[in-house]
> 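Sharing a structure below in structure tokens format, with a few things to ask.
Counting starts at 1 for both ligands and their atoms, in listed order. For the single chain, residues carry numbers from 1 onward in sequence order.
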Amino acid sequence: MSKIGFIGGGNMARALIGGLLADGKSAADILVSEPVTEAAQRLQSEFGVQVSSDNDQVAGQVDCLVLAVKPQVIKGVVTGIADTVRASRPLLVSIVAGIPVASLENWLTDTAALVRTMPNTPALVGKGITALFANGSVTESQHRLAEQIMDAVGETLWVDDESLLDAVTAVSGSGPAYFFRVMEAMVEAGQSLGLTAEQSTRLTLATAAGAAELAIRSEYSVAQLRQQVTSPGGTTAAALEVMQALDVGDLFDQALRAAHRRAGELAQELGN
Ligand SMILES: NC(=O)c1ccc[n+]([C@@H]2O[C@H](COP(=O)([O-])OP(=O)(O)OC[C@H]3O[C@@H](n4cnc5c(N)ncnc54)[C@H](OP(=O)(O)O)[C@@H]3O)[C@@H](O)[C@H]2O)c1
């Protein structure tokens with residue numbers, strides 16, 4: 001069994017560890033480096049994994065090291081463990097948003113086996129989707145290991161061009177917030193039609209979850225599903241005509257382009 005280490009024991013690491021244990025991974029094969037004593041104690045008592053405050057100690061004894069710290073501290077973390085990684089050569093899986101593979105390689109001063117991923121927040125409830133990109137040093141079995149780790153919190157999708165991760169960020173990385181915003185607007189609109197906040201929220205959330213589940217299970221595209229529920233002259237048609245007049249397609253196109261642009265800028269800023 002592969003030993004998996006985590007640098008940073010925050011929200012994402014906790015979600016991944018919980019998912020791996022639920023998938024049958026042994027707690028004895030999971031190590032975490034976490035500097036905050038209370039967080040470390042919580043990880044140990046909740047999951048039974050080995051916890052240390054020494055990044056090198058974890059990096060030096062695992063087959064795969066998941067980098068799960070905030071982007072602002074990743075450079076210091078990677079330069080700090082570079083000697084150990086060069087000696088023990090684990091697969092590195094970065095979940096750190098916006099940090100390019102080339103930056104990680106520069107900080108390591110080496111071409112380590114590296115997988116850069118872009119998860120999203122529904123990972124915290126096991127419903128995420130993570131895009132993965134591997135550099136040329138990653139072996140077949142390391143591909144499988146990286147996928148198995150990210151599968152623990154939802155679906156996975158490989159891209160073979162790292163620049164596509166900026167598009168992934170625009171769609172699924174930032175995507176949950178777009179749906180939150182749409183749901184927020186629907187809740188408010190429902191209230192203005194006389195529903196209570198609680199009623200409108202329940203109706204909106206159940207409708208969002210149900211529509212997503214229907215689209216996932218259906219053999220039809222989302223456009224076909226929309227057409228199927230839109231009777232000419234009916235209520236849905238009346239609403240969709242307003243959305244069409246306001247060009248909701250163009251609104252999302254512009255919004256995603258802005259996120260895509262910003263992802264590129266952040267990679268430049270954080271990767272230096
Ligand atoms: N949350 C998401 O859904 C999501 C989605 C996509 C990408 N990501 C990426 O996932 C990464 C982790 O996010 P998160 O939400 O799990 O963040 P988080 O909750 O802040 O977890 C990071 C953990 O790393 C610890 N840490 C800080 N410096 C460290 C060091 N030098 N060595 C070891 N550990 C250190 C932090 O401790 P302190 O509290 O003391 O700082 C914290 O416990 C981020 O880079 C984020 O961009 C997250």
Side-chain angles (χ1 to χ4, degrees), residues 4-20 30-44 46-47 49-62 65-85 90 92-101 103-104 107-108 114-133 146 149-150 152-157 159 162 165-180 259 262-263 265-267 269-271:
I4 301 170
F6 289 83
I7 302 291
N11 294 316
M12 281 299 280
R14 296 176 56 77
L16 285 163
I17 293 165
L20 286 166
I30 299 177
L31 289 76
V32 189
S33 177
E34 167 56 52
V36 182
T37 315
E38 289 130 51
Q41 281 167 353
R42 201 170 143 215
L43 282 159
Q44 206 154 30
E46 194 172 333
F47 297 122
V49 295
Q50 300 176 55
V51 188
S52 156
S53 57
D54 182 345
N55 291 348
D56 277 310
Q57 197 194 335
V58 171
Q61 51 174 321
V62 294
L65 191 64
V66 181
L67 303 171
V69 295
K70 291 280 190 213
Q72 292 75 12
V73 300
I74 185 69
K75 184 177 182 179
V77 164
V78 171
T79 51
I81 57 173
D83 287 344
T84 307
V85 167
L92 294 180
V93 174
S94 170
I95 65 165
V96 186
I99 303 296
V101 162
S103 302
L104 297 169
W107 299 333
L108 289 166
L114 270 163
V115 172
R116 176 181 164 195
T117 74
M118 185 61 216
N120 64 1
T121 44
L124 302 175
V125 292
K127 295 273 185 186
I129 183 157
T130 302
L132 303 95
F133 168 78
I149 292 169
M150 301 316 296
V153 289
E155 296 183 39
T156 48
L157 172 96
V159 293
E162 187 178 3
L165 288 180
D166 288 347
V168 167
T169 303
V171 176
S172 59
S174 300
Y178 314 155
F179 286 101
F180 296 146
R262 188 66 190 132
E265 288 166 5
L266 283 173
E269 286 169 26
L270 297 165

> Please list, one pair per line, the donor and acceptor atoms closer than 3.5 Å that link side chains of residues 117-132 to other protein atoms, with sequence neighbours excluded.
unit_1	atom_1	unit_2	atom_2	d
Thr117	OG1	Ser94	O	3.0
Asn120	OD1	Ile129	N	3.0
Asn120	ND2	Ser172	O	3.1

> List for me each residue that meets side chain to side chain donor-acceptor pair (under 3.5 Å) alongside Ser52, sequence neighbours excluded, and say none if there are none.
Gln57
> Tell me, yes or no, whether the heavy-atom count around Glu269 atom CD, taken from other residues, nucleotides or ligands under 6.0 Å, exceeds 12.
yes
> Would you mind reporting whether Val101 and Phe133 have side-chain heavy atoms less than 4.5 Å apart?
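Touching, per the 4.5 Å side-chain cut-off.
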> Work out which heavy atom in Val32 is nearest to a heavy atom in Gly9; give both atom names and the distance.
CG1-CA, 3.9 Å
> Write out all pairs satisfying salt bridge (Lys or Arg N to Asp or Glu O under 4.0 Å) with one or both partners inside residues 6-15, taking only residues at least two apart or from two chains.
Arg14-Glu46
> Measure and list all N/O to N/O distances between ligand 1 and the protein that fall under 3.5 angstrom.
unit_1	atom_1	unit_2	atom_2	d
ligand 1	3 (O)	Thr121	N	3.4
ligand 1	10 (O)	Ile95	O	3.3
ligand 1	16 (O)	Asn11	N	3.2
ligand 1	16 (O)	Met12	N	2.8
ligand 1	17 (O)	Lys70	NZ	3.3
ligand 1	19 (O)	Asn11	N	3.0
ligand 1	19 (O)	Asn11	ND2	3.3
ligand 1	32 (N)	Asn55	OD1	3.4
ligand 1	32 (N)	Asn55	ND2	3.1
ligand 1	43 (O)	Glu34	OE1	2.7
ligand 1	43 (O)	Glu34	OE2	3.3
ligand 1	45 (O)	Val69	O	2.6
ligand 1	47 (O)	Ala97	N	3.1

